[in-house]
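First comes the structure, then the notes that go with it.
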Amino acid sequence: MSLGNLRDFLEQRVTAALTAAGATDAPGVVRVSGKPEFGDYQANGIMGAAKRLKAKPRELAATVLEHLDLDGIAEVEIAGPGFLNISLHNAWLSEQLNQRSTLLVAAVSSQTVVVDYSAPNLAKEMHVGHIRSTIIGDATVRMLEALGHNVIRQNHVGDWGTQFGMLVTYLRELDDTEGAAGSVLADLEEFYRTSKAKFDADEGFAERARLAVVALQAGDPDVRALWQQFIDLSLTHCQTLYERLGTTLTQANVMAESSYNDALPGIIDSLRDKGLLQESAGAQCVFLDEFKGKEGDPLPVIVQKSDGGYLYATTDLAAVEYRSKTLAADRVMYFTDARQAFHFKQIFAVAAAAGFDTKQVSLEHYPFGAMLGRDGKPFKTRAGGVVKLAELLDEAEERARTEVRGRGELTTEDDINQAGQTIGIGAVKYADLSKNRTSDYVFDWDAMMAFEGNTAPYLQYAYARIQRIFERGEVDLESAADMPVSTLSEPAEHQLANALLRLQEVVEQSVAEGMPHYLCTYLYEVASRFMKFYEVCPILRSEGDQKASRLALCVDTAQVLKGGLGLLGIDTVDRM
RNA sequence: GCACCCGUAGCUCAACUGGAUAGAGCACCAGGCUUCGAACCUGGGGGUUGUAGGUUCGAGUCCUACCGGGUGCACCA
């Protein structure tokens with residue numbers, strides 16, 4: 001039997017002991033110990049419980065200890081003002097590792113989770129601004145699925161705004177005069193820029209563009225066909241990048257803004273029926289008391305413009321209803337820019353007031369900060385333009401190839417290209433994933449490509465090094481997987497073994513909070529502990545049970561590193 | 001003006017319902033390879049956690065005020 005989440009298991013035992021000691025509703029609050037001398041885990045809950053009971057913390061701790069059932073599992077002692085320090089027995093750690101065929105198992109209760117991420121604007125080429133949502137969202141999706149949840153990806157691409165009238169008109173008129181649109185669309189960014197310039201400069205063109213929007217939304221077949229052509233090209237461009245990035249998104253996950261078009265009148269009707277709709281300055285609005293404007297006056301959520309057009313608020317309300325009711329989500333996670341925080345606060349509030357969501361669904365916005373250059377200003381090209389994602393990835397791969405070539409471990413161009421791709425893309429993704437999602441993030445090529453510190457190359461290196469141990473020792477991986485971990489005589493072995501068993505709790509926590517950097521920090525910890533183990537514990541030069549045990553630790557470490565990086569959407573190579 | 005986010009070592013970042021002496025990497029200094037990959041490991045210096053108060057056994061974390069930075073606030077998305 002696998003215990004799965006080790007921390008939860010220990011916490012349950014401590015909580016039970018607290019209850020037995022007379023402290024009801026008092027969680028054990030078990031955490032990883034801050035220092036090795038405090039054991040592997042520590043229980044912090046005794047002091048809080050003692051406070052409520054007006055008891056002396058250390059006396060309560062002594063009572064809890066009497067009731068605590070961790071015989072054969074751990075050594076527990078009272079420390080400081082009333083902590084319980086929990087040190088897992090070596091024999092028990094070994095047994096746990098040996099019992100587990102995999103270090104990650106499905107969570108206890110499976111949910112249907114809708115994850116809204118990436119969502120680029122199809123009017124433009126994908127650029128660095130889209131990378132955070134795409135990468136963080138995709139890592140979250142992978143972790144959710146690994147825990148056995150039913151995940152529904154929703155790529156809410158922007159394909160329905162005013163600017164599409166402009167693009168379609170430009171495309172149509174170009175088609176007449178300059179031939180194939182396909183060649184022009186080879187550079188989406190350029191196409192957008194020139195059509196925007198024309199839109200701003202040529203009033204006649206602008207008027208035709210506005211008419212095209214009306215025609216588009218009214219379902220005019222000709223305009224619609226041109227628009228579809230444009231959307232298809234843009235989506236193909238996105239898909240190419242998704243594949244280069246190694247994300248799991250496919251065109252089947254695209255649920256565009258336009259797909260909610262037919263539901264929008266119904267949203268307005270529902271709001272009217274609920275008595276939530278008010279007209280203000282010709283626009284249809286929802287006013288909620290909790291939202292105030294500049295002078296403290298009521299602030300509306302505008303759902304229909306004075307000209308009858310709908311807005312992205314309307315679309316998002318329709319999306320809430322679709323996800324809550326049609327998709328029957330238990331949880332909807334939105335990974336978007338922090339600037340949209342207020343928007344989603346309003347949407348969730350209006351949806352709740354109007355009953356667009358269901359009782360059980362949890363609507364959660366996971367904001368992230370901006371991407372900055374090393375100078376602390378928004379990340380731009382030297383010329384001040386947006387950095388295209390494709391060019392960013394080109395540079396990442398080129399830098400990685402240079403590193404790998406310089407290293408000299410790989411000789412054929414195929415191997416160098418393969419490793420360059422894996423390391424370059426991995427470095428970019430990991431740099432983003434390893435930082436706290438909510439803060440702005442400084443994009444620094446040198447730091448992310450470094451083979452030192454908390455980077456993807458360091459973790460990939462650790463993995464490659466383990467592969468070389470197997471190769472050099474002529475170890476058959478199949479049989480090594482069955483070797484028992486036995487003696488954990490060295491502290492470094494104990495530390496590594498304990499770290500390996502923590503994958504489950506870390507992934508669960510990452511998913512609970514939408515914070516993939518927990519997993520990154522953990523993997524770095526595993527790699528660091530492996531390096532220390534490797535330094536002091538001979539593996540191939542040891543013998544008998546000890547050799548088998550150490551090889552087994554290597555197998556498990558490789559599994560955690562590869563598997564953990566895989567959950568982040570990052571690949572490994574056997575040699576680099 | 002109002003609201004939200006942020007402020008931690010020279011730099012980039014951690015710190016898990018408030019827990020023990022605030023931790024890593026880079027950079028700097030000193031060590032360690034005839035031995036499984038030294039892109040590694042060991043040790044050292046470096047902090048009034050923006051400022052001032054408050055809450056309590058205990059505050060980077062919670063509350064209040066201020067300073068500094070970012071973002072948002074009526075028909076774009």
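Protein chains get the first letters and strands the later ones, always in sequence-line order, with residue 1 at the start of each.
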Please work out if [X] contacts a base, only the sugar-phosphate, or nothing of the nucleic acid, heavy-atom cut-off 4.0 Å.
{"X": "A:Met515", "value": "nothing"}
{"X": "A:Cys554", "value": "nothing"}
{"X": "A:Pro457", "value": "nothing"}
{"X": "A:Arg31", "value": "base"}
{"X": "A:Arg468", "value": "base"}
{"X": "A:Glu525", "value": "nothing"}
{"X": "A:Ile539", "value": "base"}
{"X": "A:Ala50", "value": "nothing"}
{"X": "A:Ala79", "value": "base"}
{"X": "A:Thr315", "value": "nothing"}
{"X": "A:Lys345", "value": "nothing"}
{"X": "A:Gly48", "value": "base"}
{"X": "A:Glu535", "value": "base"}
{"X": "A:Glu403", "value": "base"}

Given RNA chain B, 5'-ward residue of the pair A:Asn44 and A:Gly453, judged by closest heavy atom
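Residue closer to the 5' terminus by nearest nucleotide: A:Asn44.
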
For A:Leu299 and for A:Met449, find the nucleotide of RNA chain B with the closest heavy atom, then tell me which residue's nucleotide is more 5'.
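Here A:Met449 is the residue nearer the 5' end.
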
Report yes if at least one side-chain N or O of [X] is closer than 4.0 Å to OP1 or OP2 of [N]; otherwise report no.
{"X": "A:Arg472", "N": "B:G37", "answer": "yes"}
{"X": "A:Tyr430", "N": "B:G25", "answer": "no"}
{"X": "A:Arg58", "N": "B:C57", "answer": "no"}
{"X": "A:Lys56", "N": "B:C57", "answer": "no"}

Integer-rounded Å distance: [N] [atom2] and [X] [atom1]:
{"X": "A:Lys292", "N": "B:A74", "atom1": "NZ", "atom2": "P", "value": "15 Å"}
{"X": "A:Tyr458", "N": "B:A24", "atom1": "OH", "atom2": "P", "value": "13 Å"}
{"X": "A:Phe533", "N": "B:C36", "atom1": "CZ", "atom2": "C1'", "value": "11 Å"}
{"X": "A:Arg529", "N": "B:G23", "atom1": "CZ", "atom2": "C1'", "value": "13 Å"}

Check the interface with nucleotides 8-15 of chain B: list each N/O to N/O pair with the protein under 3.5 Å, or write none.
residue, atom, partner, partner atom, Å
B:C13, OP1, A:Val442, N, 3.1
B:A14, OP1, A:Asn436, N, 2.2
B:A15, OP1, A:His517, NE2, 3.0

Determine which nucleotide pairs with [N], using a 3.5 Å limit on both distances of a Watson-Crick or G-U wobble pair.
{"N": "B:U48", "answer": "none"}
{"N": "B:A30", "answer": "B:U42"}
{"N": "B:U71", "answer": "B:A3"}
{"N": "B:U56", "answer": "none"}
{"N": "B:G23", "answer": "B:C13"}

Is there a donor N/O on one and an acceptor N/O on the other, under 3.5 Å, for the side chain of [X] and the base of [N]?
{"X": "A:Asn85", "N": "B:A20", "value": "yes"}
{"X": "A:Lys51", "N": "B:G58", "value": "yes"}
{"X": "A:Thr162", "N": "B:A77", "value": "no"}

Hey, is A:Tyr524 doing a stacking thing with B:A24, by the 5.5 Å centroid and 30° angle criteria?
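Per 5.5 Å and 30° rule: no stacking.
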
What do you reckon, do A:Phe38 and the base of B:A20 stack, with centroid distance below 5.5 Å and planes below 30°?
yes

Within the structure provided, determine whether A:Val214 and A:Arg210 are in side-chain contact (heavy-atom separation under 4.5 Å).
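No, their side chains stay 4.5 Å or more apart.
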
Are A:Met371 and A:His127 close enough that some pair of their side-chain heavy atoms sits under 4.5 Å apart?
no

Who are the salt bridge (Lys or Arg N to Asp or Glu O under 4.0 Å) partners of A:Arg339, not counting sequence neighbours?
A:Asp337

Residue among A:Leu565, A:Val573, A:Asp574, A:Leu523 satisfying side-chain contact (heavy atoms from CB on, under 4.5 Å) with A:Tyr463:
A:Asp574

Among A:Gln546, A:Glu493, A:Lys532, find the one that has a side-chain contact (heavy atoms from CB on, under 4.5 Å) with A:Cys537.
A:Glu493

Are A:Glu525 and A:Arg529 within salt-bridge range, i.e. N to O under 4.0 Å?
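Yes, this pair counts.
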
Does NZ or CZ of A:Arg465 lie under 6.0 Å from the centre of the six-membered ring of A:Tyr534, at an angle within 45° of the ring axis?
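Flagged: A:Arg465 positioned over aromatic ring of A:Tyr534.
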
Centroid-to-centroid, A:Phe348 to A:His365, below 6.0 Å?
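Ring centroids of A:Phe348 and A:His365 are no less than 6.0 Å from each other.
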
Criterion side-chain contact (heavy atoms from CB on, under 4.5 Å) on A:Phe368 and A:Thr438, from CA distance to verdict
CA-CA 4 Å; A:Phe368 50 81; A:Thr438 56; over 6 Å; no

For the backbone of A:Asp159 and the side chain of A:Trp227, can you confirm whether one donor and one acceptor N or O come within less than 3.5 Å of each other?
yes

